[in-house]
Amino acid sequence: MNLPEFSVKRRITITMLVLISTLFGVISFFDLGLDMMPEMEMPFVTVVTGYPGVSPEEIETMITKPIEQLVATVKGVKKLSASSVEGMSTVSLEFEWGTNLAVAAQDVREKISFAADMIPREADSPLVLKFNTSSMPVLQYGAVGLENTMRLRKYLDDTIKPRLERLDGVASVEAMGGRVREIHLLVDPDKLKATGLSLDHISSAIQTGNLNLAGGHIRSFQKEYTVRTKGYFESLDEIRNTIISITPDGTAIHVGDVAKVADTFNEIRGFERTQKQPTVILIVMKQSGANSLKVSRRVVKELAALEKTHPPGFKLHLLMDQGEMIEDAISLTGWNAVAGGVIAVLVVFIFLRSIRPTLTIAVAIPLSVVTTFIGMKALGYTFNMMTLGGIALGVGLLVDNAVVVIENTFRHLEAGESREQSAIKGASEVGLAITASTLTTMAVFLPMSLSQSMAGKLARPLSLTICISLLASLFVAIT
C-alpha cells in the first residue's frame with residue numbers, strides 16, 4: 001500500500017495528521033518573532049579604549065600599536081584596521097564568514113588581557129564589542145522639559161528606565177546626551193605658590209580622601225558584621241575642608257584655602273535637540289529573538305501609563321519606532337503573499353472550470369504554508385522580509401504539485417473509474433514525477449543556503465523557507 005492509497009483508504013488517519021500539523025503550525029506561528037531582517041552576527045570585533053585628554057599621536061603610540069600587535073595573532077583574522085583620535089583608540093578585526101564570533105571575541109579578550117602592563121594605567125579598560133543586527137534600537141525618544149538636561153537624565157535613569165527594563169523582551173534602556181554633573185576645582189595659582197604645594201598634592205589629597213575602605217568584621221552572638229569606613233564625599237564643604245598638607249607650625253592647609261569648589265557640568269562637546277529644545281535621547285534595546293513589534297507596543301503602552309506621573313513640562317517625543325516600520329513592511333509582504341495565493345486559485349479555476357478541484361487547491365496552499373511555520377520554528381527563524389519573501393515566492397510553486405495530481409485524477413474520472421480509484425491512480429502515477437520536479441526546484445534554491453558570505457547569510461532564510469514549503473506542498477499533494 002503506497003502513500004496515496006493509504007491516504008484514500010485511511011481518511012481519518014490522514015485527517016488527524018492534517019489537524020495535528022495545522023495545530024503545531026498555528027502554535028509555531030504565534031511563537032515566531034517578528035523582525036525587519038534576519039538576525040545576523042557580522043564577523044567584526046572592535047576593541048575600543050578610552051584615554052581622555054590625550055592627543056592622537058600619543059594614543060597611537062601608547063595604546064593602538066600595542067593592541068594591534070596582540071590581536072593580530074588571533075586565529076581567523078581576515079583584515080585588521082585601526083584609528084586613533086583624541087581620547088580614543090579603535091582597533092577593528094574582520095574575520096572570515098562562518099567564524100564562531102563568540103569564540104573569536106573570547107580569543108581577542110584573552111589577547112587583550114596581556115595589554116594591561118603595556119598601556120597606561122590612567123587609560124580605560126579596553127572594551128571588546130561584537131556587532132549583531134538584533135542589537136539595533138527598537139525605539140528612540142527625545143525627552144524635553146525640566147530645568148536642564150541633567151535633571152532630565154536623572155529622571156530618565158531613576159524613573160523611566162527601571163519601569164521599561166522589567167518589561168518582557170526589553171534587554172536594556174539607555175539615556176544618551178545631556179549634561180553630566182561635575183565638581184570643578186578652580187585653583188588660584190598665587191595661593192598655591194604661596195603654600196609651596198603643587199597640583200599633584202591637591203589631586204593626591206582628593207583621591208585619598210574620597211575612598212570607601214574595608215575595616216574588617218565584628219562577631220556578635222554568632223553573627224558576623226562587615227565593617228567599612230565610608231569616606232566618599234557627600235557635600236562640597238567636605239571637599240573644601242579636605243586637608244592637603246600641614247605646615248611645620250601645625251597649620252592645616254585645606255583645599256578651600258587654595259581653590260574654589262564649583263558644582264557644575266562636564267565640558268560640552270556636542271548637543272542634542274528635539275523640537276528645538278535641549279534633549280536627552282532615550283534608547284530601548286530588545287532581547288535577541290524577541291518580537292520587535294510586541295516589544296515596541298509594550299514599551300509604548302507602559303510609557304502611556306506613566307504619562308500621569310510625569311513632572312510638569314516633561315514630554316517624550318517619538319524619534320524612531322522600528323516596530324511601526326516592521327509592521328508596515330511585513331504587512332505589505334504578507335498581503336502580497338495572500339494576493340498571490342488568491343490569484344493562483346483564480347487561475348486554476350479559469351483553466352479547470354470546476355469548483356471542487358479549485359477548492360482542493362485552495363486548501364492545499366494554506367495547509368502547506370501553515371506546515372512551513374513548523375520548519376521555521378525548528379530552525380529558529382523569525383518572520384522578516386526574507387522568510388516572508390520566501391513564503392510569498394513559494395505560494396505560486398505550492399499549487400504546481402496539486403494541479404498535476406488533480407489533472408491526472410480527473411483523467412481517470414473521465415475514463416469512468418470510481419472517485420477512490422481515480423484518486424489513488426492519479427496520485428500514484430505522477431508521484432515520482434512531482435517528487436523529481438520538487439527536488440529539482442529545491443536544488444535551485446538550496447545552494448543559496450550553503451554560502452558563507454554575507455549574501456548567503458541573508459539568503460539562507462529565504463531559500464530554506466522555500467524548500468520547506470515545497471516539501472510541505474509535495475506531502476499535501478500526494479496525500
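Note that the coordinates shown come from a computational prediction; the quantities given were computed from them, not determined experimentally. We're numbering straight along the sequence, starting at 1. Computed over heavy atoms, backbone and side chain alike; hydrogens, waters and symmetry mates excluded.
Side-chain N or O atoms of Arg298 include one that pairs as donor or acceptor with a backbone N or O of Asp168 at under 3.5 Å. Without hydrogens or angle criteria, Ser437 side chain to Ala433 main chain gives no donor-acceptor distance under 3.5 Å. With Ser463 contributing its side chain and Arg460 its backbone, the two residues share a donor-acceptor pair below 3.5 Å. When atom types are taken as modelled, the side chain of Ser469 and the backbone of Ile466 share a donor-acceptor pair closer than 3.5 angstrom.
In this structure, the side chains of Ile67 and Ile112 come closer than 4.5 Å at one or more pairs of heavy atoms. In this structure, Phe445 and Leu462 have side chains that are not in contact, with every pair of non-hydrogen atoms separated by 4.5 Å or more. By the 4.5 Å heavy-atom criterion applied to side chains, Leu164 and Leu303 are counted as neighbours. Side-chain contact between Met376 and Thr387: present, with at least one pair of heavy atoms (C-beta onward) separated by less than 4.5 Å. Between Leu413 and Arg419, some side-chain heavy-atom pair lies under the 4.5 Å cut-off. The side-chain heavy atoms of Val128 and Gln106, taken from C-beta on, include no pair separated by under 4.5 Å. With contacts defined as side-chain heavy-atom distances shorter than 4.5 Å, the pair Arg163/Glu302 qualifies. Within the 4.5 Å cutoff, side-chain heavy atoms of Tyr381 are placed close to those of Leu464.
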- Check step by step if salt bridge (Lys or Arg N to Asp or Glu O under 4.0 Å) holds for Glu307 and Lys315. CA-CA 8 Å; Glu307 282 187 0; Lys315 191 172 183 180; over 6 Å; no
- Task: Go through the steps for Val18 and Thr15 under the test side chain to side chain contact (heavy atoms under 4.5 Å, CB included), then give the verdict.
- Result: CA-CA 5 Å; Val18 168; Thr15 303; 5.7 Å; no
- Message: For a side chain to side chain contact (heavy atoms under 4.5 Å, CB included) check, start with the C-alpha distance between Thr13 and Phe6, then their side-chain angles and the critical distance, and finish with the verdict.
- Response: CA-CA 9 Å; Thr13 303; Phe6 178 84; 4.0 Å; yes
- Task: Check the pair Val91, Val48 against side chain to side chain contact (heavy atoms under 4.5 Å, CB included), reporting the backbone distance first and the verdict last.
- Result: CA-CA 7 Å; Val91 179; Val48 180; over 6 Å; no
- Yes or no on side chain to side chain contact (heavy atoms under 4.5 Å, CB included) for Val405 and Ile434, after CA distance, side-chain angles and deciding distance? CA-CA 8 Å; Val405 172; Ile434 63 175; 3.8 Å; yes
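Nearest heavy atom pair, residue Val138 against residue Ser296, reads CG1-CB, 4.0 Å. The two residues Ser172 and Glu165 come nearest to each other via the heavy atoms CA-OE2, 4.0 Å. Residues Thr371 and Ser21 approach most closely at OG1-CB, 4.3 Å, considering heavy atoms. For the residue pair Arg153 and Ala175, the shortest heavy atom distance occurs at NH2-O, 3.1 Å. Phe475 approaches Thr479 most closely through the heavy-atom pair O-OG1, 2.6 Å. Between Ile59 and Ser89, the shortest heavy-atom distance links the atoms CG2-CB, 3.6 Å.
Rounding to the nearest 0.5 Å places CD of Glu68 at 9.0 Å from CG of Leu93. A distance of 8.5 Å separates OG1 in Thr274 from CD in Glu272, rounded to the nearest 0.5 Å. For the atom pair CD1 (Ile281) and CD1 (Ile283), the distance works out to 7.5 Å, reported to the nearest 0.5 Å. Taken from OG1 in Thr465 to CG in Leu470, the straight-line distance is 11.0 Å, to the nearest 0.5 Å. Note that the NZ atom of Lys286 and the CG atom of Leu139 stand 12.0 Å from one another [nearest 0.5 Å]. Atoms NZ and CG, on Lys154 and Leu152 in that order, are 13.0 Å from each other to the nearest 0.5 Å.
A salt bridge does not link Glu5 to Arg10: none of the charged nitrogens lies less than 4.0 Å from a carboxylate oxygen. Ion pairing between Arg11 and Glu420 holds under the 4.0 Å rule for side-chain N and carboxylate O.
More than 12 non-hydrogen atoms from other residues, nucleotides or ligands lie less than 6.0 angstrom from CZ of Phe314. More than 12 heavy atoms of other residues, nucleotides or ligands lie within 6.0 Å of CZ in Arg273, so this atom counts as buried by the packing criterion. The environment of NZ in Lys65 is sparse: at most 12 heavy-atom neighbours from other residues, nucleotides or ligands sit within 6.0 Å. For Leu432, the CG atom sits in a loose shell: 12 or fewer heavy atoms of surrounding residues, nucleotides or ligands are nearer than 6.0 Å.
Side-chain contact check for Ser84 and Thr64: at least one donor-acceptor pair (N or O, by modelled atom type) lies under 3.5 Å. At a cut-off of 3.5 Å, with distance as the only test, a side-chain donor of Thr438 or Asn401 sits close to an acceptor on the other residue. The closest side-chain donor-acceptor pair between Ser473 and Ser368, if any, does not fall under 3.5 angstrom.
Taking the six-membered ring where the residue is Trp, Tyr155 and His310 present perpendicular rings, their angle passing 60° and hence far from 30°.
Considering Asp321, Val300, Val170 in turn, Val170 is the only one that fulfils the side-chain contact (heavy atoms from CB on, under 4.5 Å) rule with Val284.
Ring pair Phe44/Phe95: centre-to-centre distance not below 6.0 Å.
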